[in-house]
Amino acid sequence: MKKLLVALVVLGLAAAAGWWAMGPDWRRLATNMPTNQDVLFWSQAQREAGFRMMDRSPVIDAREISAGGPVRPLEDGAPIDLDMDLDAEMERQQYAALLVVQDGAIRLEKYGLDQTAEGRWTSFSVAKSFTSTLVGAAIKDGYIASMDDDVTLYIEDLKGSAYEGVSVAQLLSMTSGAGWNEDYSDPESDVAQFLSHAPDDGLPPLVSYMRTLPRAHAPGTVWNYSTGETNLIGILVREATGTSLTDYLSEKVWRPYGMGQDASWLTGADGLEISGCCIQAAARDFARFGQFILDGAEIDGEPIVPEGWLAAATSSQADTPFPGEGYGYQWWTYDDSAFAARGIFGQGIFIDPSRNLVIVTNSNWTNALGTEGERERREAFYRRVQAAIDAGA
């Protein structure tokens, strides 16, 4: 059995060295792998190699998200005129893929970092929005009775913890009130410590850790970003449905919607999908997922989520410290009705219903949060696309 050295750090990932055997393309980029396993300490070239090959490393386990059946076409649309140097933009942002899809047609598709349309790239916390969608599907399928249910109805081992009295909706909107520290620079933070926690006998390691958290606020009153809670959502879905996240995603979305190729989901030491992170997929399939959400999460005209659920999921359920941005059910929301799935180092699916628009970015920013100007440039790119559409470009 492969030795798993994945640790959920910095919104979801740390991985081990030892990928030398992957071949010359890998070796060209991944020489001198640092001994510190945190992705924050990888060089730009090491991340460029790792992000495209996470699920093919001999030291990381992943489960397959199976495609099948007819592939949903993404037709070529009229090229969009953005009046900018796109090659320079690709270089500045270290984009591996950049797609603009409007009215279901591709208006811009560019690849960098030696990536291709067939290549897969890791999503980091973009996966959170996929996990959220599976909650909606589980409600529609009758596995979860209500968003108002106490999470302890589905994860009984959380009884007596800060999560008792927390609803499924509050868990999804990260307003549980449980005290959680997601400071990536603090080695004592919860996000840095929880995978090294020695679990109580018979308990999943994550549940064992999360039930030790104190209650910092009354449920539903304060938003606090927590990858640990998205991982709890994954456990909740598994407990409710009795199936794996990969199989459920394949059954509900990947196969019936017509994704172009198989994807994968990295797993933790317990063999379960890391539901707060790390789906590997082709850029066009990330775009198809965005289109699926934009079109109402429907398969053959039938939504896989309850009526009104998607609208609630993609509108602000909680205020964040960021001007003009809120947080829905694992989606970031904008004041203009747009919303987005986001992952560190520049991964994203931006969706603007008013313009029937999906933008996909797969990136290798200079740091996790894009504090060298990358985040601002990506937001400016979104606005430039919106302006070009409004101008009829």
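Source: prediction; values computed, not measured.
For the pair Met259 and Arg72, the minimum side-chain heavy-atom distance is 4.5 Å or more. Counting heavy atoms from C-beta on, the side chains of Asn181 and Val191 never come closer than 4.5 Å. Using a 4.5 Å heavy-atom threshold, the side chains of Lys140 and Ile304 count as separate. Within the 4.5 Å cutoff, the side chain of Asp262 has no heavy atoms near those of the Ile65 side chain. Side chains of Leu108 and Leu99 form no contact here, defined as non-hydrogen atoms less than 4.5 Å apart. Residues Tyr143 and Val237 have side chains not in contact (no heavy-atom distance under 4.5 Å, counting atoms from C-beta outward).
Side-chain atoms of Tyr154 and Glu156 form no donor-acceptor pair, as typed in the model, at a separation below 3.5 Å. Checking Trp180 against Glu182 by side-chain atom types alone, a donor-acceptor pair falls below 3.5 Å. Counting only N and O atoms by type, the side chains of Glu229 and Ser176 include a donor and acceptor under 3.5 Å apart. A donor and an acceptor atom, one from each side chain of Gln261 and Asp285, are nowhere located under 3.5 Å apart. Side-chain N/O atoms of Gln46 and Ser43 include a donor and acceptor closer than 3.5 Å. A side-chain N or O of Glu64 and one of Ser66 form a donor-acceptor pair less than 3.5 Å apart. No hydrogens or angles considered: nothing links the side chains of Thr241 and Thr243 as a donor-acceptor pair under 3.5 Å. Checked by atom type, the side-chain pair Asp352/Ser354 shows a donor-acceptor distance below 3.5 Å. Side-chain atoms of Asp295 and Gln291 include a donor-acceptor pair closer than 3.5 Å. Looking at Asp55 and Ser264, their side chains do bring a donor and an acceptor atom within 3.5 Å of each other.
Counting only distance, with no hydrogens or angles, the side chain of Ser208 and the backbone of Asp200 share a donor-acceptor pair below 3.5 Å. Side chain of Arg107 to backbone of Gly77: no donor-acceptor contact under 3.5 angstrom is found. Side chain of Trp121 to main chain of Ala283: no donor-acceptor pair is present (N/O by atom type, distance under 3.5 Å, no hydrogens or angles). Within the 3.5 Å criterion, the main-chain N or O of Gly276 finds a donor-acceptor partner in the side chain of Asn231. Between the side chain of Thr131 and the main chain of Ala127, a donor-acceptor pair closer than 3.5 Å is present. The backbone N or O of Pro73 lies less than 3.5 Å from no partner atom in the side chain of Arg288, so there is not a single donor-acceptor pair. A donor-acceptor pair is defined here as one N or O able to donate and one able to accept, closer than 3.5 Å; such a pair exists between the side chain of Gln93 and the backbone of Glu374. A distance-only check finds a donor-acceptor pair linking the side chain of Gln193 to the backbone of Pro187 [under 3.5 Å]. Although no hydrogens or angles enter the test, the distance criterion places a donor-acceptor pair under 3.5 Å between the side chain of Gln115 and the main chain of Arg120. Asp183 places no side-chain N or O within donor-acceptor distance of the main-chain N or O of Ser189, the cut-off being under 3.5 Å.
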Residue pair Glu251, Arg255: steps toward the salt bridge (charged side-chain N to carboxylate O under 4.0 Å, His left out) verdict: CA-CA 6 Å; Glu251 172 196 339; Arg255 287 183 177 177; over 6 Å; no
Intermediate values then yes/no, side-chain contact (heavy atoms from CB on, under 4.5 Å), Ile139 and Val305: CA-CA 7 Å; Ile139 294 172; Val305 298; over 6 Å; no
Steps toward salt bridge (charged side-chain N to carboxylate O under 4.0 Å, His left out) verdict (Arg355, Asp390): CA-CA 8 Å; Arg355 297 173 176 87; Asp390 292 345; 2.8 Å; yes
Worked check of side-chain contact (heavy atoms from CB on, under 4.5 Å) between Tyr209 and Asp190: CA-CA 9 Å; Tyr209 185 87; Asp190 294 300; 2.5 Å; yes
Check against side-chain contact (heavy atoms from CB on, under 4.5 Å), Leu357 and Leu294: CA-CA 8 Å; Leu357 172 67; Leu294 181 63; 6.0 Å; no
Working for side chain to side chain donor-acceptor pair (under 3.5 Å), residues Thr246 and Glu273: CA-CA 8 Å; Thr246 45; Glu273 298 90 345; 2.9 Å; yes
Candidate pair Leu232 and Met210, rule side-chain contact (heavy atoms from CB on, under 4.5 Å), full reasoning: CA-CA 8 Å; Leu232 279 182; Met210 299 298 282; 4.0 Å; yes
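Taking CD of Gln317 as the reference point, atom CE of Met147 lies at 7.5 Å (rounded to 0.5 Å). To the nearest 0.5 angstrom, Ser123 atom OG is 8.0 Å from Ile349 atom CD1. For the atom pair CG (Asn364) and OG1 (Thr122), the distance works out to 12.0 Å, reported to the nearest 0.5 Å. Annotation: the span from Gln44 atom CD to Asn367 atom CG amounts to 9.5 Å, rounded to 0.5 Å. The distance from atom OG of Ser275 to atom CD1 of Ile235, rounded to the nearest 0.5 Å, is 7.0 Å. Note that the OG1 atom of Thr175 and the CD atom of Gln170 stand 5.0 Å from one another [nearest 0.5 Å].
More than 12 heavy atoms of other residues, nucleotides or ligands shown are found within 6.0 angstrom of CG on Asp103. Within a 6.0 Å radius of CG in Asp85, other residues, nucleotides and ligands contribute more than 12 heavy atoms. Heavy atoms of other residues, nucleotides or ligands lying less than 6.0 angstrom from CD of Glu91 number 12 at most.
By the criterion of side-chain heavy atoms lying less than 4.5 angstrom apart, applied directly or through intervening Ile, Leu, Val, Met, Phe, Trp or Tyr residues, Phe322 is not grouped with Phe350; the two fall into different hydrophobic clusters. Cluster membership for Tyr95 and Val101, using ILVMFWY side-chain heavy atoms within less than 4.5 angstrom, is not shared. Tyr111 and Val100 fall into different hydrophobic clusters, defined by Ile, Leu, Val, Met, Phe, Trp and Tyr side-chain heavy atoms under 4.5 Å apart, directly or through other members. By the rule that hydrophobic residues join a cluster once side-chain heavy atoms approach within less than 4.5 Å of another member, Ile106 and Tyr257 end up as members of one cluster. In the hydrophobic clustering of this structure, Met54 groups with Val126; members are Ile, Leu, Val, Met, Phe, Trp, Tyr whose side-chain heavy atoms approach within less than 4.5 Å, directly or through other members.
Using bins of under 30°, 30° to 60° and over 60° for the plane-to-plane angle, the ring pair Phe130/Trp254 lands in the tilted bin. The aromatic rings of Tyr225 and Trp223 lie perpendicular to each other, with more than 60° between the two planes, well past the 30° mark.
Evaluation of the side-chain contact (heavy atoms from CB on, under 4.5 Å) rule for Thr116 yields Glu118 as partners, not counting sequence neighbours.
A centroid separation of 6.0 Å or more is found between the aromatic rings of Tyr334 and Phe339. With ring centers used as reference points, Phe51 lies under 6.0 Å from Phe124. Ring centroid separation for the pair Trp332 and Tyr327 comes in under the 6.0 Å cut-off.
With Tyr163 as the aromatic partner, Arg211 does not meet the cation-pi criteria of under 6.0 angstrom to the ring centre and within 45 degrees of the ring axis.
For Asp141 and Lys252, the salt-bridge test passes: some basic side-chain N is under 4.0 Å from an acidic carboxylate O. A salt bridge links Glu109 with Arg284: the distance from a Lys NZ or Arg NE/NH1/NH2 to an Asp or Glu carboxylate oxygen falls below 4.0 Å. A salt bridge links Glu325 to Arg342: at least one charged side-chain nitrogen sits closer than 4.0 Å to a carboxylate oxygen.
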